[in-house]
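Chain identifiers are assigned alphabetically (A, B, ...) following the order of the sequence lines, protein sequences preceding nucleic acid strands; residue numbering begins at 1 within each chain. Predicted model only: the values in this text are computed from it and were never measured.
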Amino acid sequence: MRLLLIEDDERLLAGLLPRLEAAGYTVDATGSGQDGAFLGQREDYALAILDLGLPDAEGLAILREWRRRGCQLPVLILTGRDTWHEKVEGFAAGADDYLAKPFHSEELLARIQALIRRHYRQPQGPLRQGELELDEARQSVRVKGDEQQLTGHEFRLLRYLMLNPGRILSKAQLTDQLYGLEQEASSNTLEVLVARLRQKIGKQAIETLRGQGYRLVVAS
Amino acid sequence: MKPRSLTASLGWGLSLGLTALALLQWLLVTLVLQQLIFAYVGSRLEHDADSLIHALSLSPDGLPLLQPETQNPIFSRPFSGHYYRLSVGGIVLSSRSLWQGELPLATLAPGEERLLRQPGPRGQQLLIRQTRVDKDGRQVLLATAEDIGPLNGKLADFGWIYLLITLAVLLLLLAAQAWLIRRQLAPLLHTRQELLQLAAEKIQRLDEDVPAELLPLVKSFNQLLGLQSQRLQRARNSLADLSHALKRPLSRIRQLLETRPWPELEAELSTLSSQIERQLSRARLAGSSPLLATLSLQTLLQELLRALEKLYADKSLRFRLEGPDLALKMERQDALELLGNLLDNACKWARSEVVIRSQGSSLLIGDDGPGVAAEWLEQLSQRGVRADQQTPGHGLGLAIARELIQSYGGELRLGTSAELGGLEVELNLAAVISAGPDQSRP
């Protein structure tokens with residue numbers, strides 16, 4: 001699950017990034033509004049966290065530009081501007097959620113999770129597909145009630161698959177979601193990861209479509 | 001006190017002036033005509049007198065004798081309306097037309113003459129000319145008279161017709177004047193409309209394409225406006241900077257506390273955040289001002305609900321909007337802050353439903369949450385004490401809303417929703433409801 005974080009407060013970032021990584025998100029962070037605006041349009045993110053008072057651009061202008069170009073990326077505004085007319089303006093510009101500083105990391109994480117679920121049209125609460133139930137807090141999976149601990153990357157991959165059940169996901173797409181801009185990953189790494197995940201959740205659970213990618217098989 | 005209306009005072013002044021003028025000229029014309037009649041008839045009487053004197057001869061013993069053939073036959077017909085009477089040395093001669101009647105003779109200085117009016121026989125109105133002429137060394141007192149009744153009748157007829165025409169013209173003038181006044185005052189209305197738009201932030205300054213009399217006013221107003229908006233902008237900017245400067249370290253401290261928990265500091269931090277929030281919101285308050293456009297309560301609520309539906313998306317709350325729309329005279333940001341805080345509080349506590357109802361001059365916001373115990377209601381109403389430490393900022397929103405509505409002269413009361421069982425906030429908006437329906441559409 002790949003997030004775009006546009007925030008210029010370095011010290012806030014230093015505290016926030018580890019929390020987001022720990023929750024299983026791959027984060028591309030930038031303090032520049034112009035870079036952020038560009039990345040949001042070009043890369044495939046599950047969600048963007050947008051600060052409004054950026055040194056080189058106005059956050060709302062970035063958001064409006066994305067929406068004008070038909071970009072559906074879920075956007076959470078994270079800002080010190082907490083008056084109601086600013087919130088109303090933020091939502092009118094196309095925001096999906098709004099969190100005022102200072103904030104609790106737990107609240108931010110809960111809001112990110114809820115927003116991603118809404119975006120992938122999955123119900124709130126524990127993520128379930130067929131016999132699989134993902135525990136996002138413990139980063140583990142229950143297969144027919146049998147709990148299996150997951151590594152960070154396994155958790156990320158499985159969550160993305162479970163948010164997109166029955167959909168064919170290309171290798172490039174999955175690699176994008178697992179590794180950010182800065183991490184290099186060979187296609188080999190993904191294959192190894194899929195193989196390990198299959199051992200934990202069952203061989204038939206993930207289908208390989210030659211030349212197209214992978215698909216989570218959902219028992220109807 | 002009822003304000004003085006330019007239209008009314010201009011209208012009254014001009015109408016009175018026009019009416020007085022019309023009546024005066026009518027009176028003048030009638031008087032002049034009357035004088036004209038006197039002068040005309042007077043000169044005829046003078047001619048009559050001249051011919052009489054010419055026809056008069058005196059016998060050597062001083063007896064007056066009038067040659068009958070030189071006399072105008074009109075003097076012979078009884079009550080013809082043309083009369084004379086003369087006296088020479090005590091002997092009096094009258095026209096036959098006078099019959100038994102008399103005309104007054106006056107002893108005047110030689111050559112002197114006098115015009116007077118007097119009722120004549122058979123209801124006639126006589127204009128009498130008295131004069132004294134000396135003929136052959138003898139004193140002749142002469143009075144000639146003519147009935148001016150028919151002429152006066154014609155004059156009266158003319159007077160009535162002329163009066164009617166004058167009144168008709170006057171009415172036309174009054175109508176034209178009213179139309180002109182309205183037309184000439186139109187720029188004032190235009191400027192007033194602009195002031196309303198200005199308040200609604202639809203335009204930035206007033207149009208300076210106005211009559212010369214209005215231009216200085218509009219120009220000074222625009223200058224003042226520039227100054228005012230600069231000041232407001234400066235104040236808001238520095239407030240935004242302050243807010244930013246305070247919230248950055250607060251966010252960082254909160255981040256640090258999450259990795260190294262310290263509950264006492266956490267509690268202090270919450271208090272500090274609330275304090276800052278409250279003071280900032282107080283400083284942001286624009287407050288009541290005479291120049292405010294009206295806002296639609298429904299529109300404000302709908303804007304806020306769009307935001308709240310997303311903020312509380314995971315609760316899938318039902319919002320019910322009931323009652324008629326109200327026109328509020330409030331600064332937009334203040335109104336959003338007031339309603340936003342109250343709705344946010346309701347959403348925070350509601351289980352599934354929030355009802356927003358306008359009722360008379362009140363707005364009721366109720367939820368189906370746990371509500372607030374009666375003994376807490378009073379305290380919560382007074383100072384914005386936090387009813388529950390678990391939900392940060394509870395009570396703060398209510399306190400901010402209370403201060404806000406009070407600064408506009410309104411009221412906020414807390415109670416229990418009879419319908420939903422949770423907290424119900426009653427906002428008394430009587431002080432900010434726009435009175436005139438004409439002002440709701442600037």
Side-chain angles (χ1 to χ4, degrees), chain A residues 7-20 22 51-55 74-119 122-125, chain B residues 236 239-259 266 269-270 272-273 276-277 280-281 284-285 299-300 302-316 331-344 392-393 397 400-401 404:
Chain A
E7 164 68 67
D8 66 317
D9 185 349
E10 296 285 345
R11 273 188 271 179
L12 183 69
L13 276 180
L16 195 54
L17 279 175
R19 299 292 303 247
L20 291 169
D51 185 12
L52 292 185
L54 297 163
V75 172
L76 185 152
I77 292 178
L78 182 66
T79 179
R81 301 183 194 170
D82 61 349
T83 63
W84 278 94
H85 82 92
E86 285 164 330
K87 287 181 193 171
V88 162
E89 198 183 7
F91 282 109
D96 297 280
D97 207 350
Y98 201 107
L99 187 58
K101 294 175 187 171
F103 59 95
H104 286 282
S105 294
E106 279 78 15
E107 183 165 13
L108 178 63
L109 290 172
R111 289 193 169 272
I112 290 172
Q113 187 182 335
L115 207 49
I116 287 173
R117 292 287 185 85
R118 284 214 298 281
H119 184 60
Q122 297 292 329
Q124 305 294 328
Chain B
R236 282 195 169 152
L239 212 56
D241 290 347
L242 176 66
S243 168
H244 197 64
L246 287 169
K247 280 173 184 172
R248 243 170 204 237
L250 282 177
S251 294
R252 288 173 189 156
I253 293 171
R254 187 145 269 167
Q255 289 290 323
L256 289 174
L257 279 171
E258 281 172 2
T259 46
E266 173 86 38
L269 189 65
S270 290
L272 181 62
S273 296
I276 288 172
E277 209 48 63
L280 282 178
S281 83
R284 276 189 208 110
L285 205 143
T299 310
L300 291 172
Q302 271 152 15
E303 280 178 307
L304 284 165
L305 289 186
R306 266 198 291 279
L308 287 160
E309 269 163 5
K310 286 188 168 166
L311 282 171
Y312 291 92
D314 50 333
K315 286 181 94 170
S316 14
E331 200 265 342
R332 190 180 137 81
Q333 295 188 9
D334 287 351
L336 283 172
E337 201 62 20
L338 169 70
L339 298 169
N341 272 305
L342 294 177
L343 289 174
D344 186 50
I400 289 173
L404 225 153

**OP:** Give a yes or no on whether a salt bridge exists between B/K247 and A/D51, defined as a side-chain N under 4.0 angstrom from a carboxylate O.
**Re:**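 Salt bridge: no.
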Original post:
Do A/R117 and B/D314 sit within salt-bridge range, that is, some charged N less than 4.0 Å from a carboxylate O?
Top reply: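 No, A/R117 and B/D314 are not salt-bridged.
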When rounded to the nearest 0.5 angstrom, what is the spacing between [atom1] in [X] and [atom2] in [Y]?
| X | Y | atom1 | atom2 | value |
| --- | --- | --- | --- | --- |
| A/K87 | B/E303 | NZ | CD | 15.0 Å |
| A/R11 | B/I253 | CZ | CD1 | 10.5 Å |
| A/H104 | B/E258 | NE2 | CD | 7.0 Å |
| A/Y98 | B/K310 | OH | NZ | 13.5 Å |
| A/L17 | B/Q255 | CG | CD | 9.5 Å |
| B/D344 | A/W84 | CG | CH2 | 4.0 Å |

[X] versus chain B, heavy atoms under 4.5 Å apart: side chain, backbone, both or neither?
| X | result |
| --- | --- |
| A/A95 | backbone |
| A/L99 | neither |
| A/R81 | neither |

Under 4.5 Å from any heavy atom of chain A - which part of [X]:
| X | result |
| --- | --- |
| B/N341 | both |
| B/Q302 | neither |
| B/L338 | neither |

Subject >> Side-chain donor/acceptor of A/R111 to backbone N/O of B/L311, under 3.5 Å >> reply: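 Yes.
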Subject >> Top contributor to chain A interface from B/H244, B/R306, B/R284 [non-hydrogen pairs under 4.5 Å] >> reply: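 Most heavy-atom pairs under 4.5 Å with chain A: B/R284.
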Subject >> Option that, when pairs with chain A are counted at under 4.5 Å, heavy atom only, ranks first among B/A313, B/A335, B/S273 >> reply: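 So the answer, after comparing B/A313, B/A335, B/S273, is B/A313.
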Original post:
When only pairs under 4.5 Å are counted, which of A/L115, A/D97, A/D96 shares the most heavy-atom pairs with chain B?
Top reply: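 Between A/L115, A/D97, A/D96, the count favours A/D96.
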Original post:
If you take all heavy atoms of B/R254 and A/P102, which pair is closest and at what distance?
Top reply: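 Nearest pair, atom of B/R254 first, then A/P102: NH1-O, 4.0 Å.
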